[in-house]
Amino acid sequence: MEIREIKEKKKQYLDLLLLGDEQESMIDRYLERGWMFLLDDGGIRAECVVTDEGEGVLEIKNIAVFPEYHRRGYGKKLVGFIEKEFKGRFLVLRAGTGDSPLTVPFYEKCGFQESFRIKDFFTDYYDHPIVEGGVTLSDMVYFEKRLDQRRGFFGSDL
């Protein structure tokens, strides 16, 4: 198994990116400014795009595993790779997702905790209803995980 960074022609993986974020115009907002990583295990199995959001925050903008490779630990391996790769460069790893029975447990199993929500994000910013696990998504739910265990960043314990 190998995880490698993709620096050019990121859109050639659009089929996989659209599994993590099903509206191409939303992907276009972050793809070129983000770091993109592919997990290859005898073929491409998963991808992850992360961005620098400032103030020590690294955000997972897109993470996806081809459906036929779900429940094999590929997503969790990508999150672990991102944590190691960016530790010491960022303080917090953040991920925004819908309040879905498919994605919330994934982030919780990876050690993230719910941090905040943006009300009506999916209905305000997407041109069609986003349905996941039988749930029509409305609010963006943000999860965070510390990458730096120092206390007192911005005067609080993150």
Side-chain angles (χ1 to χ4, degrees), residues 1-66 69-100 102-118 121-122 125 132 137 139-158:
M1 183 176 58
E2 171 192 25
I3 297 174
R4 66 179 183 273
E5 184 176 1
I6 302 301
K7 295 182 179 183
E8 298 176 346
K9 300 179 182 175
K10 297 174 186 178
K11 276 267 191 115
Q12 72 180 324
Y13 302 100
L14 188 59
D15 57 338
L16 189 51
L17 289 162
L18 286 168
L19 294 175
D21 190 341
E22 64 182 71
Q23 187 167 303
E24 187 173 350
S25 64
M26 294 299 280
I27 293 169
D28 290 341
R29 297 172 114 183
Y30 57 78
L31 187 60
E32 290 309 314
R33 71 180 177 94
W35 292 278
M36 181 178 187
F37 298 93
L38 292 179
L39 186 148
D40 187 326
D41 190 17
I44 303 302
R45 304 292 187 246
E47 64 77 23
C48 184
V49 178
V50 294
T51 59
D52 180 347
E53 295 301 308
E55 298 184 352
V57 176
L58 179 70
E59 185 171 329
I60 296 173
K61 290 290 193 179
N62 191 313
I63 187 166
V65 177
F66 280 121
Y69 302 109
H70 282 184
R71 309 200 70 72
R72 297 188 189 184
Y74 290 132
K76 195 167 185 175
K77 286 203 185 292
L78 271 172
V79 169
F81 171 84
I82 296 299
E83 289 177 36
K84 282 186 199 173
E85 185 74 15
F86 291 95
K87 188 173 185 168
R89 294 165 57 190
F90 291 89
L91 300 172
V92 173
L93 180 58
R94 177 182 293 161
T97 188
D99 201 0
S100 161
L102 301 178
T103 55
V104 169
F106 167 76
Y107 287 111
E108 291 173 340
K109 285 179 186 174
C110 288
F112 288 81
Q113 294 181 343
E114 186 175 330
S115 178
F116 63 98
R117 292 173 178 246
I118 297 178
F121 180 89
F122 290 97
Y125 291 98
E132 191 172 294
L137 304 183
D139 298 349
M140 175 75 81
V141 183
Y142 280 95
F143 291 85
E144 292 185 348
K145 182 176 191 174
R146 290 180 73 153
L147 294 178
D148 187 319
Q149 297 306 311
R150 291 181 292 171
R151 295 174 58 87
F153 176 65
F154 295 132
S156 67
D157 293 327
L158 292 177

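Atom set for the values below is all heavy atoms of this structure, side chains included, hydrogens, waters and symmetry mates excluded. Quantities reported herein were computed from a predicted structural model and do not represent experimental measurements.
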Report task. Answer whether the closest heavy-atom distance between the side chains of Thr103 and Val141 falls below 4.5 Å. Result -> no
Query raised in the report: Is a donor on one side and an acceptor on the other found under 3.5 Å between the side chain of Lys61 and the backbone of Gly34?
Result: no
Report summary line: So the ring-ring contact (aromatic ring centres under 6.0 Å, His included) pairs with at least one residue in residues 4-27 (sequence neighbours excluded) are none
Query - Ala64 versus Leu19, closest heavy-atom pair with distance - result: CB-CB, 3.9 Å
Query raised in the report: How many angstroms lie between atom CG of Leu91 and atom CD of Glu144, to the nearest 0.5 angstrom?
Result: 11.0 Å
Query raised in the report: Ile118: what forms a side-chain contact (heavy atoms from CB on, under 4.5 Å) with it, not counting sequence neighbours?
Result: Phe116, Phe121, Met140, Tyr142
Query - Residues in side-chain hydrogen bond (donor to acceptor under 3.5 Å, both in side chains) contact with Asp139, at least two apart in sequence or another chain - result: none
Query raised in the report: Quick one: side-chain contact (heavy atoms from CB on, under 4.5 Å) partners of Phe81, sequence neighbours excluded?
Result: Ile3, Phe37, Glu85
Query raised in the report: Does the side chain of Asp21 come within less than 4.5 Å of Tyr30's, by heavy atoms?
Result: yes
Query - Partner set under side-chain hydrogen bond (donor to acceptor under 3.5 Å, both in side chains) for Gln113, not counting sequence neighbours - result: none
Report task. Name all residues meeting the salt bridge (charged side-chain N to carboxylate O under 4.0 Å, His left out) criterion together with Arg4; count only those two or more places apart in sequence or in a different chain, and write none if there are none. Result -> Glu2, Asp40
Query raised in the report: Quick one: side-chain contact (heavy atoms from CB on, under 4.5 Å) partners of Lys10, sequence neighbours excluded?
Result: Ile6, Leu31, Glu32, Met36
**Report entry** Closest non-hydrogen atom pair between Leu78 and Ala46, with its separation
**Finding:** CD1-CB, 3.6 Å
Report summary line: Sorted by chain and residue number, the ring-ring contact (aromatic ring centres under 6.0 Å, His included) partners of Tyr74 (sequence neighbours excluded) come out as none
Requested in this report: Taking the side chain as every heavy atom from C-beta outward, state whether Arg29 and Tyr125 have any pair of such atoms under 4.5 Å apart.
Outcome: yes
Query raised in the report: Which pair of heavy atoms, one from Ser100 and one from Glu132, lies closest together, and at what distance?
Result: OG-OE2, 2.8 Å
Report summary line: Residues passing the side-chain contact (heavy atoms from CB on, under 4.5 Å) test with Asp28, sequence neighbours excluded, are Lys11, Glu24
Report task. Hey, can you tell me if Tyr107 and Phe143 have their rings parallel, tilted or perpendicular (30° and 60° cut-offs)? Result -> parallel
Query - Atom pair NZ/CG of Lys87 and Leu58 - distance to nearest 0.5 Å - result: 14.0 Å
Report summary line: Those residues at least two apart in sequence (or on a different chain) that pass ring-ring contact (aromatic ring centres under 6.0 Å, His included) with Phe106 are none
Query raised in the report: Side-chain contact, heavy-atom cut-off 4.5 Å: Phe112 with Ile60?
Result: yes
Query - Partner set under side-chain hydrogen bond (donor to acceptor under 3.5 Å, both in side chains) for Glu53, not counting sequence neighbours - result: Arg33, Thr51
Requested in this report: Compare all side-chain heavy atoms of Ile82 with those of Trp35 and state whether any distance is below 4.5 angstrom.
Outcome: no
**Report entry** Straight-line distance of Leu93 CG to Glu83 CD, nearest 0.5 Å
**Finding:** 6.0 Å
Query raised in the report: Can you list the residues that meet the salt bridge (charged side-chain N to carboxylate O under 4.0 Å, His left out) rule with Glu114, with sequence neighbours excluded?
Result: Arg117
Requested in this report: Identify the heavy atoms of Ile44 and Leu16 that sit nearest to each other, and give their distance.
Outcome: CG2-CD2, 3.9 Å
Query raised in the report: Can you tell me how far CG of Leu18 sits from CD of Gln23, rounded to the nearest 0.5 angstrom?
Result: 10.0 Å
